[in-house]
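Report on one structure; see the data block that follows.
Ligands are counted one by one from 1 in listed order, and the atoms in each one are counted from 1 as well.
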Amino acid sequence: MARKKVTVLGATGSIGCSTVDLLNHHSDSFQVVALTGGSNVQDLVQKSLLLKPQLAVIKDSRLYKDLKEGLSGENIQVAAGDAAIVEAAEMPTDTIVSSILGTAGLLPTLAAIKQGTTVALANKESLVAAGSLMTAAVKEYGATLLPVDSEHSAIFQCFENHNRKSVETIILTASGGMFLNKQLHELSEITPEQATKHPNWNMGAKITVDSATLVNKGLELIEAHYLFDIPEPQIDVVIHPQSIIHSMVTYHDGSVLAQLGTPDMRTPIAYSLAWPNRITTPVKRLSLAEIGSLTFFPVDLERFPALRLARQALLEGRELVFNAANEIAVEAFLKSQITFLNIVDVIEEMLERTQFTRPTTLEDVLEQDRLVRRETKECLAKRGESS
Ligand code: NAD
Ligand code: MG
């Protein structure tokens with residue numbers, strides 16, 4: 001059988017590394033078309049030497065020479081810059097893994113969708129910022145959008161072979177992040193070092209902070225709305241600290257279907273790569289006897305208001321504001337410019353201050369995103385002056 005052609009956007013990140021690991025394990029089944037990276041050129045070189053793509057692209061143009069040197073003598077084209085990443089996404093493939101961080105992934109993901117191919121989407125921020133636009137493009141170009149996020153992969157797996165009309169609710173599970181049991185006053189003391197360590201999942205820095213603030217669950221609620229066309233009131237969230245049940249679907253006969261597994265992103269990535277089939281993974285197998293008990297709690301919206309703000313943003317058509325303000329606030333927190341609790345304060349302030357409603361064209365998305373980022377930076381600068 002012909003090997004499936006795959007491109008990985010963001011191959012040097014956390015999702016990218018897990019994807020490369022799977023592609024390497026299954027080199028008989030997959031052929032790599034293009035790999036892209038942001039600034040970690042040595043890592044991109046190593047992964048390219050391993051998987052032998054047709055093209056390797058680094059975002060940072062200053063690193064073009066290093067990439068070229070690292071791959072000299074190989075039959076691999078090299079390129080650099082944002083436009084080259086979009087061109088990589090335009091190269092014909094069977095599946096494109098979209099795992100660039102943040103709304104920087106939007107244009108390449110849209111280019112992938114316009115190929116009418118299968119897009120395995122990890123880059124949730126793009127779908128949150130431009131959900132209507134992206135889902136319309138998926139329909140227009142006949143693309144298939146598959147979830148990589150573990151919760152959405154779980155829901156997608158629980159949907160299979162079922163009549164979607166009989167779905168009553170979907171239930172996203174949330175680990176609750178690092179600080180689930182901390183009191184509000186303790187949350188203000190949290191450092192970037194503490195917030196970038198997740199108890200269950202090994203992920204990039206930004207999403208680990210998003211998990212700790214519960215902004216990640218807010219982004220995922222919006223992601224679920226767009227991926228599955230489910231209204232906000234039918235999306236529930238429950239805290240499940242062990243991250244064993246990855247999410248659930250309730251049907252109108254009272255049945256609840258769940259997908260379980262050890263917390264390892266290689267399982268949902270493998271599912272999106274092999275869909276509609278499955279491939280083997282080296283993931284540790286689940287032993288419920290070893291785990292003993294699974295626990296569940298409601299979300300405490302007093303300590304973690306991010307989920308309430310995400311619901312509000314979705315209902316008001318202002319998801320882009322929620323996302324862009326968070327991206328800037330998390331960057332500032334990681335540089336120790338604001339406190340952990342300030343992140344969600346800043347999102348709330350930006351939702352109050354900005355009047356934007358859901359953008360309908362790509363130009364509107366890019367313009368709103370630019371303006372919200374600028375205003376968030378101004379808001380952070382003012383906070384800095386008054387503290
Ligand atoms: P990461 O920071 O580890 O990796 C991000 C990748 O994107 C890297 O290859 C980086 O070089 C590249 N990149 C960053 N900025 C870029 C830019 N401006 N232009 C081009 N490339 C750029 O992040 P991650 O944790 O792998 O997350 C990637 C995406 O997957 C995010 O949208 C995240 O929300 C989502 N996601 C991650 C996990 C996880 O376990 N890490 C789980 C679910 C969803
Ligand atoms: Mg997730």
Side-chain angles (χ1 to χ4, degrees), residues 7-21 34-44 46-48 56-61 63 67 79-89 97-109 111 119-129 146-156 172-177 196 198 200-211 214-224 227 237 240 243 245-247 259 261 263-269 272 323 326-327 330-331 334 369 373:
T7 283
V8 187
L9 307 172
T12 57
S14 162
I15 292 288
C17 285
S18 298
T19 309
V20 166
D21 182 52
L35 296 178
T36 80
S39 54
N40 190 342
V41 71
Q42 290 316 325
D43 191 58
L44 184 61
Q46 274 175 16
K47 289 186 165 121
S48 302
V57 185
I58 191 86
K59 177 208 152 51
D60 188 338
S61 305
L63 300 169
L67 184 63
D82 289 320
I85 293 182
V86 171
E87 282 164 26
V97 180
S98 162
S99 57
I100 290 176
L101 180 71
T103 32
L106 177 60
L107 293 180
T109 306
V119 179
L121 186 79
N123 175 226
K124 67 187 91 180
E125 295 90 348
S126 290
L127 191 63
V128 170
L146 295 179
V148 168
D149 218 346
S150 58
E151 295 76 2
H152 305 74
S153 175
I155 291 162
F156 185 62
L172 298 173
T173 52
S175 68
T196 44
H198 196 279
N200 304 337
W201 300 93
N202 182 10
M203 310 185 285
K206 189 238 173 201
I207 187 176
T208 309
V209 175
D210 287 349
S211 293
L214 252 74
V215 165
N216 185 47
K217 216 44 61 177
L219 294 172
E220 290 185 352
L221 184 138
I222 300 166
E223 183 186 9
L227 275 175
V237 177
H240 166 44
S243 301
I245 295 185
H246 298 313
S247 279
Q259 186 261 352
D264 186 321
M265 285 308 293
R266 286 176 299 183
T267 298
I269 297 169
S272 72
N323 177 67
N326 179 59
E327 284 194 31
V330 172
E331 271 171 32
L334 289 172
D369 191 59
R373 280 163 200 272

| said: To check your reading of the model: name the closest protein heavy atom to atom 15 (N) of ligand 1, its residue, and the distance in Å. | reply: L101 O, 4.3 Å

| What atoms in ligand 1 come closer than 4.0 Å to a heavy atom of T12? | 8 (C), 9 (O), 10 (C), 11 (O)

| Yes or no on salt bridge (charged side-chain N to carboxylate O under 4.0 Å, His left out) for E125 and K206, after CA distance, side-chain angles and deciding distance? | CA-CA 11 Å; E125 295 90 348; K206 189 238 173 201; 2.9 Å; yes

| query | For ligand 1, does I207 get within less than 4.0 Å through its side chain, its backbone, both, or neither, judged by non-hydrogen atoms? | reply | side chain

| Closest E151 atom to the Mg ion (ligand 2) [N, O or S only] | OE1

| query | With a cut-off of 4.0 Å, which atoms of ligand 1 are near a heavy atom of I85? | reply | 20 (C)

| field | Per-atom contacts, ligand 1 versus A104 - under 4.0 Å to a heavy atom | value | 17 (C), 18 (N)

| message | Among all the protein's non-hydrogen atoms, which is closest to atom 28 (C) of ligand 1, and how far away is it? | response | S99 O, 3.4 Å

| message | Has N123 got a side-chain atom pairing as donor or acceptor with G102's backbone, closer than 3.5 angstrom? | response | yes

| query | With the Mg ion (ligand 2) as the point of reference, which N/O/S atom of D149 is the closest? | reply | OD1

| note | The closest protein heavy-atom partner of atom 11 (O) of ligand 1 is G38 N, 2.7 Å

| Hey, is E125 touching ligand 1 through its side chain, its backbone, both or neither, going by heavy atoms under 4.0 Å? | side chain

| field | Protein residue, atom and distance nearest to atom 34 (O) of ligand 1, heavy-atom basis | value | K124 CE, 3.2 Å

| request: Please state which part of K59 comes within less than 4.0 Å of ligand 1, counting heavy atoms only: side chain, backbone, both or neither. | output: side chain

| With no hydrogens and no angle check, is any side-chain donor or acceptor of D149 less than 3.5 Å from a backbone partner on H152? | no

| remark: the protein heavy atom lying closest to atom 3 (O) of ligand 1 turns out to be S14 N, 2.9 Å

| query | In the protein, what heavy atom is nearest to atom 21 (N) of ligand 1, and what distance, to one decimal place, separates them? | reply | I100 CG2, 3.7 Å

| query | For atom 35 (C) of ligand 1, what's the nearest protein heavy atom and its distance? | reply | A122 O, 3.1 Å

| query | Taking only heavy atoms of G204, which atoms of ligand 1 are found under 4.0 Å from at least one of them? | reply | 3 (O), 25 (O), 41 (N)

| message | Under 4.0 Å from a heavy atom of M203: which atoms of ligand 1 are those, numbered in the order shown and with their elements? | response | 39 (C), 40 (O), 41 (N)

| query | the Mg ion (ligand 2) is nearest to which N, O or S atom of E220? | reply | OE2

| query | N123 heavy atoms, cut-off 4.0 Å: which ligand 1 atoms fall inside? | reply | 32 (O)

